[in-house]
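To start, I am sharing the structure in question, which I have written as structure tokens.
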Amino acid sequence: CHAFSTLATGGFSTHDASIGYFNSPGIEIACMFFMLAGASNFALHYLAWTQRSLGVYLRDTEFKTFMTLVLVLGILVCMPLVFADTYPDFGTAIRKGLFQLAAYGSAAGFRTADPTGWPSYTPMLLVLATFMISCSGGTGGGVKVVRLILFVKQAMRELQRLVHPSAEVAIKLDGKTVSDDIVYAIGGFFSMYIGFTLLLSFVMIATGLDPVTAFSAVAACINNAGPGL
């Protein structure tokens, strides 16, 4: 049951306490690995298997960005837990922080702790991770890393055009030029995605929920993530 639920980033468990029931670092590491594998592009897994090479991952822009996001967000999540002495020792803080990041970011929704009471920005950062840490062709939710890459490239191009209005700047991904139609479609997608998130958050607040609960509930639904705050 847990194998299916982990790789499919479904997050269902046979125990109410989820993965926390086992209290096992080994099981948590295995779950983190396969949650992130599920949130990655399965076409890359297939190519790596058929070519017998891990170089496929290192040559893919989306996967490299995906792993960079996991690393950076992992550091940002774990730092407050360590400095605020949220857990009795360094290892436990890292273990809890990384697992919750993988579970939220991959939209799996497993839990070994309740991050609602974590210090500083940490709970909200986990919610924001549900928007970002999933690749196209994977089982995760959110906007997908490749769209995020192209959206940022488009934003940088528009800033460059403010300085050089006549410049012809092509947007490339893995050495291939991406057509403007695709780039503008992604811009429209982001506008709708963010717009609906904000609109529905205000609707939830109007029902009497506090802003954090309202926003995290909408993020959990619109990103197919499951857990909120």
Side-chain angles (χ1 to χ4, degrees), residues 7-11 32 34-45 57 60-77 100-110 115 121-159 171-174 176-204 211-229:
L7 195 59
T9 61
M32 281 191 282
F34 286 106
M35 281 190 289
L36 294 176
S40 306
N41 191 331
F42 274 72
L44 286 180
H45 301 329
Y57 297 103
D60 186 77
T61 301
E62 184 184 29
F63 184 81
K64 289 187 291 186
T65 305
F66 166 74
M67 292 307 301
T68 301
L69 283 171
V70 172
L71 178 62
V72 172
L73 293 179
I75 293 172
L76 292 176
V77 166
Q100 264 53 240
L101 174 66
Y104 271 75
S106 66
F110 283 134
Y121 55 77
T122 311
M124 191 58 69
L125 188 61
L126 289 176
V127 174
L128 292 178
T130 65
F131 287 87
M132 298 184 288
I133 308 182
S134 288
C135 297
S136 59
T139 57
V143 298
K144 305 298 185 184
V145 174
V146 68
R147 288 197 184 101
L148 188 63
I149 294 170
L150 292 176
F151 183 77
V152 171
K153 284 179 176 286
Q154 166 65 358
M156 297 303 296
R157 180 171 71 171
E158 293 306 318
L159 288 175
I171 292 179
K172 293 186 176 182
L173 185 67
D174 290 328
K176 298 178 181 178
T177 300
V178 181
S179 71
D180 285 346
D181 289 342
I182 293 176
V183 173
Y184 294 142
I186 289 173
F189 170 84
F190 264 90
S191 299
M192 294 291 288
Y193 209 98
I194 296 170
F196 270 111
T197 300
L198 294 175
L199 174 64
L200 293 172
S201 294
F202 279 107
V203 171
M204 295 292 279
V212 172
T213 303
F215 174 71
S216 67
V218 171
C221 293
I222 203 165
N223 294 322
N224 289 331
L229 299 175

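Not measured: the values here are computed from a predicted model.
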### Query
Quick check: are there more than 12 heavy atoms from other residues, nucleotides or ligands sitting under 6.0 Å from OH of Y121?
yes
### Query
Less than 4.5 Å apart, any side-chain heavy atom of T65 and any of L148?
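No, their side chains stay 4.5 Å or more apart.
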### Query
With side chains defined as the heavy atoms from C-beta onward, is the minimum distance between F66 and K144 less than 4.5 Å?
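F66 does not reach K144 side chain to side chain.
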### Task
Drop me the distance from I194's CD1 to L199's CG, to the nearest 0.5 angstrom.
13.5 Å
### Query
Is there side-chain contact between M156 and V152, with at least one heavy-atom pair below 4.5 Å?
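The answer is yes, as the side chains (C-beta and beyond) meet within the 4.5 Å cut-off.
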### Query
If you round to the nearest 0.5 Å, how far is CD1 of I149 from CD1 of I171?
12.0 Å
### Task
Using a 4.5 Å cut-off on heavy atoms from C-beta on, say whether the side chain of Q100 contacts that of V77.
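With C-beta onward as the side chain, the pair stays apart.
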### Message
A side-chain contact here means heavy atoms from C-beta on lying under 4.5 Å apart; do L7 and F42 qualify?
### Response
yes
### Query
Only one of T177, V183, I182 clears side-chain contact (heavy atoms from CB on, under 4.5 Å) with S179; which?
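When side-chain contact (heavy atoms from CB on, under 4.5 Å) is applied between S179 and each of T177, V183, I182, only I182 qualifies.
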### Message
Any side-chain to backbone donor/acceptor pair from T130 onto G141? Under 3.5 Å, distance only.
### Response
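Such a contact is absent between T130 side chain and G141 backbone.
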#### Entry: Flag side-chain contact, heavy atom, 4.5 Å: I133 against L101
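Side chain of I133 against side chain of L101, heavy atoms only: contact under 4.5 Å found.
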### For A37 against H45, the heavy-atom pair lying closest together
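Answer, listing the atom of A37 first, then H45: O-NE2, 2.8 Å.
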### Minimum-distance pair of heavy atoms, taken over all atoms of E62 and S136
OE2-N, 2.8 Å
### Test item: side-chain donor near acceptor, S106 and T9, under 3.5 Å
no
#### Entry: Minimal non-hydrogen separation, N41 against A43, with atom names
OD1-N, 2.8 Å
### Query
Where is the tightest heavy-atom contact between A220 and P227, given as atom of each residue plus distance?
CB-O, 3.5 Å
### Query
Do you know the tightest heavy-atom contact between G140 and S134?
CA-OG, 3.3 Å
### Query
F63 vs Y57 aromatic rings, parallel, tilted or perpendicular, using cut-offs 30° and 60°?
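Rings of F63 and Y57: tilted, as their planes differ by 30° to 60°.
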### Query
In Å, rounded to the nearest 0.5 Å, how long is the span from OG1 of T68 to NZ of K64?
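Interatomic distance, T68 OG1 to K64 NZ, rounded to 0.5 Å: 8.5 Å.
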### Message
Which residues pass the side-chain hydrogen bond (donor to acceptor under 3.5 Å, both in side chains) test with T197, not counting sequence neighbours?
### Response
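With neighbours one apart ignored, the set is empty.
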### Task
Count the heavy atoms belonging to other residues, nucleotides or ligands that lie under 6.0 Å from CZ of F34, then report whether that count exceeds 12.
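No, not enclosed.
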### Query
Listed by chain and number, what are the side-chain contact (heavy atoms from CB on, under 4.5 Å) partners of D174, not counting sequence neighbours?
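Expected list: D60, T61.
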### Task
Could you walk me through whether F196 and V218 pass the side-chain contact (heavy atoms from CB on, under 4.5 Å) test, one step at a time?
CA-CA 9 Å; F196 270 111; V218 171; over 6 Å; no
### Task
Could you grab the distance from atom CZ of F189 to atom CZ of R147, nearest 0.5 Å is fine?
4.0 Å
### Task
Write down the atom of A39, the atom of T139, and the distance for their closest heavy-atom approach.
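In this case the closest contact between A39 and T139 is N-OG1, 4.2 Å.
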### Query
Hey, are the side chains of I186 and Q154 touching, using non-hydrogen atoms and a 4.5 Å cut-off?
no
### Task
Test K153 against V178 for side-chain contact (heavy atoms from CB on, under 4.5 Å), laying out the working first.
CA-CA 11 Å; K153 284 179 176 286; V178 181; over 6 Å; no
### Query
Do the side chains of L125 and Y104 get nearer than 4.5 Å, heavy atoms only?
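No, every pair of side-chain atoms sits at 4.5 Å or beyond.
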### Pairwise distance SG(C135) to CG(L44) - rounded to 0.5 angstrom
7.5 Å
